[in-house]
There are 2 protein chains.
Amino acid sequence: MITISKENYLKSIYTLAKGNGNFVSLTELSKELNVTKSAVTEMSKKLYEQGCVKYVRYKGIKILPKGKKIALKVIRKHRLWELFLVETLNLSWDKVHLEAEKLEHFTSDFLIDTIDEYLKYPKLDPHGEPIPCKDGSYRYKINDIPMSECILGKTYKVTRVNDREEELVRYLSKIDIQLNREIKIIEKLKFDNSVIIEVNGVKHSLSSKLVDNIFLTKANG
Amino acid sequence: MITISKENYLKSIYTLAKGNGNFVSLTELSKELNVTKSAVTEMSKKLYEQGCVKYVRYKGIKILPKGKKIALKVIRKHRLWELFLVETLNLSWDKVHLEAEKLEHFTSDFLIDTIDEYLKYPKLDPHGEPIPCKDGSYRYKINDIPMSECILGKTYKVTRVNDREEELVRYLSKIDIQLNREIKIIEKLKFDNSVIIEVNGVKHSLSSKLVDNIFLTKANG
DNA sequence: TAATTAAGTTAAGTATGCTTAACTTGTTGC
DNA sequence: GCAACAAGTTAAGCATACTTAACTTAATTA
Ligand SMILES: [Mn+2]
Ligand SMILES: [Mn+2]
Ligand SMILES: [Mn+2]
Ligand SMILES: [Mn+2]
């Protein structure tokens with residue numbers, strides 16, 4: 001039986017491994033899911049018994065095709081809901097993640113396919129994350145880097161932001177950062193890993209936390 | 001703590017009492033919720049402890065203001081979701097109940113109020129059921145009778161149908177029964193409580209089960 | 001290499017919401 | 001009035017998904 005809890009574990013395992021089939025540490029997982037390590041150990045055994053993951057004691061956990069399929073389905077539902085809420089109800093991009101986090105577990109395949117069709121099979125969610133297709137493949141390949149890895153003086157285009165923290169996303173709107181916005185890297189401060197950028201002619205200092213959660217590609221190229 | 005299970009119990013208690021504050025029998029509740037009587041007894045105690053219901057041993061359970069408020073909120077979410085899915089995604093009226101049955105528990109007040117606004121504060125759901133307002137009041141008062149109580153030879157207008165059974169609702173579409181459709185009562189058969197009606201010039205025999213789940217008011221009156 | 005620390009596991013226990021089996025209480029028909 | 005039956009309760013147990021506390025294993029570092 002796949003429960004809501006299991007769906008969330010699989011989603012996290014898949015996401016933490018960044019789509020590769022890498023091993024994920026249980027401590028990492030426990031932090032991501034806000035549960036204790038012992039809870040993760042228990043669940044790891046169950047997911048292993050169901051053939052969703054490979055679980056090696058004291059080593060970690062690794063998603064298997066069966067688990068990946070489930071994870072992608074949930075991620076698909078999540079991202080389509082986010083976009084649907086933005087498109088139909090005009091919700092702002094900082095409000096939709098939390099709603100989708102719940103709705104993703106209670107949406108039939110039929111309903112999500114209807115939403116997919118309604119949105120004309122979109123490639124990206126409101127935060128620039130690619131939306132998995134019905135068959136589990138992606139229509140779009142991400143190819144960007146976090147702002148922390150950007151080169152001084154160059155201009156980039158915003159392709160993706162981490163939607164997990166509402167406040168962070170809301171702050172981005174406030175300083176006029178949105179998808180496809182051009183950003184120039186003015187200064188990189190080593191002592192606190194903050195970055196000074198220019199957006200629409202206005203300079204802003206972004207904390208290390210922000211800098212790790214904004215993803216860019218080179219502009220005009 | 002109000003759980004999903006408790007929301008469903010409260011919704012059923014409220015619905016079975018038909019909006020009045022009547023006592024509901026636990027056996028009735030157990031049938032409605034598809035659980036055993038002992039499960040209902042246990043939950044009754046918990047709901048009582050939380051002040052959501054009055055519970056008198058061996059007598060039954062009765063909703064209290066605190067429980068009614070919760071029930072109405074869930075019903076509001078349910079009916080608004082049903083209408084929203086019909087309006088935006090063009091889902092058919094037989095498909096939306098099951099989806100709403102899940103979504104109703106995972107929708108924030110903010111989201112449902114946004115949906116309410118988007119739909120311009122509708123009075124009725126796709127099956128003719130009134131939608132509770134944000135404050136728990138109704139914008140519309142139901143005043144109809146089941147087809148089983150209709151008078152021979154008279155013509156009525158369909159105001160409401162029971163949406164619980166997908167197949168039943170789908171059958172209604174098939175014989176061209178929808179909200180506001182005019183129906184003439186041709187014959188009432190006592191031996192099996194079936195009714196013969198005329199819809200758009202075509203006669204149909206409706207089983208007792210159907211007849212109990214279609215609600216009407218007098219036409220042109 | 002041995003000590004320390006981090007990562008991971010195990011055991012025991014909790015809360016929720018069910019079940020079945022055995023029981024008690026209430027109601028109805030004769 | 002009482003037998004029979006329906007309605008309701010209690011007790012014991014199960015599955016899920018957590019917790020804390022005590023433990024083991026692995027990795028790091030001096
Ligand atoms: Mn999201
Ligand atoms: Mn997103
Ligand atoms: Mn419904
Ligand atoms: Mn309805």
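Every chain is numbered from 1, with letters handed out A, B, ... down the list of sequences.
- For dT16(D), neither phosphate oxygen OP1 nor OP2 lies less than 4.0 angstrom from any side-chain nitrogen or oxygen of Thr3(A).
- The side chain of Tyr9(A) places an N or O atom within less than 4.0 Å of a non-bridging phosphate oxygen (OP1 or OP2) of dC18(D).
- With Glu104(A) as the fixed residue, the side chain to side chain donor-acceptor pair (under 3.5 Å) test singles out one of Lys73(A), Lys11(A), Arg79(A): Lys11(A).
- In this structure, Val195(A) and Cys150(A) have side chains that are not in contact, with every pair of non-hydrogen atoms separated by 4.5 Å or more.
- Lys66(B) places a side-chain N or O within 3.5 Å of a backbone atom of Gln50(B) that can act as its donor or acceptor partner.
- For the pair Ser5(B) and dC18(C), the criterion of a side-chain N or O lying under 4.0 Å from OP1 or OP2 is met.
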*Does the pair Asp125(B) and His78(B) meet the rule for a side chain to side chain donor-acceptor pair (under 3.5 Å), with working shown?*
CA-CA 9 Å; Asp125(B) 87 355; His78(B) 181 101; 5.7 Å; no
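- Atom OH of Tyr48(A) is separated from atom C1' of dG8(C) by 17 Å (rounded to the nearest Å).
- One N or O donor and one acceptor, one from the side chain of Ser38(A) and one from the base of dT20(D), sit under 3.5 Å apart.
- A salt bridge does not link Glu166(B) to Lys95(B): none of the charged side-chain nitrogens sits closer than 4.0 Å to a carboxylate oxygen.
- Note on Ser25(A): every side-chain N or O is 4.0 Å or more away from OP1 and OP2 of dA7(C).
- The 5' end of DNA chain D is approached more closely, in terms of each residue's nearest nucleotide, by Lys46(A) than by the other of Ala39(A) and Lys46(A).
- For the pair Glu28(A) CD and dG8(C) P, the interatomic distance rounds to 9 Å; values are reported in whole Å.
- When rounded to the nearest whole Å, the span between CD of Glu7(A) and P of dA17(D) equals 11 Å.
- Following rounding to the nearest Å, Phe23(B) (CZ) and dG8(D) (P) show an atom-to-atom distance of 12 Å.
- Contact annotation: Lys45(B) reaches the phosphate of dT10(D) (side-chain N/O to OP1 or OP2, under 4.0 Å).
- Mapping Met1(A) and Gly60(B) onto DNA chain D by nearest heavy atom places Gly60(B) at the nucleotide closer to the 5' end.
- Regarding Leu26(B), its CG atom lies at a distance of 13 Å from the C1' atom of dT25(C), rounded to whole Å.
- An OP1 or OP2 oxygen of dT10(D) is reached within less than 4.0 angstrom by a side-chain nitrogen or oxygen of Arg57(B).
- Counting to the nearest Å, the P atom of dT28(D) and the OH atom of Tyr58(A) are 17 Å from each other.
- In this model, the phosphate group of dG8(C) is approached by a side-chain N or O of Thr27(A) to a distance below 4.0 Å at OP1 or OP2.
- For Glu42(A), counting side-chain heavy atoms from C-beta on, the closest listed nucleotide (dG8(D), dA26(D), dT19(D)) is dT19(D).
- For dT9(D), the OP1/OP2 oxygens have a side-chain nitrogen or oxygen of Tyr55(B) closer than 4.0 Å.
- When the P atom of dC18(C) is taken as reference, atom CG of Leu33(B) falls 8 Å away, rounded to whole Å.
- Closest contact between the side chain of Thr41(A) and the listed nucleotides dT19(C), dT10(C), dG17(C) involves dT10(C).
- Across all their heavy atoms, Val53(B) and Leu10(B) have their closest contact at CG1-CD2, 3.9 Å.
- Per the geometry, CG belonging to Leu29(A) stands 10 Å off P belonging to dG8(C), to the nearest Å.
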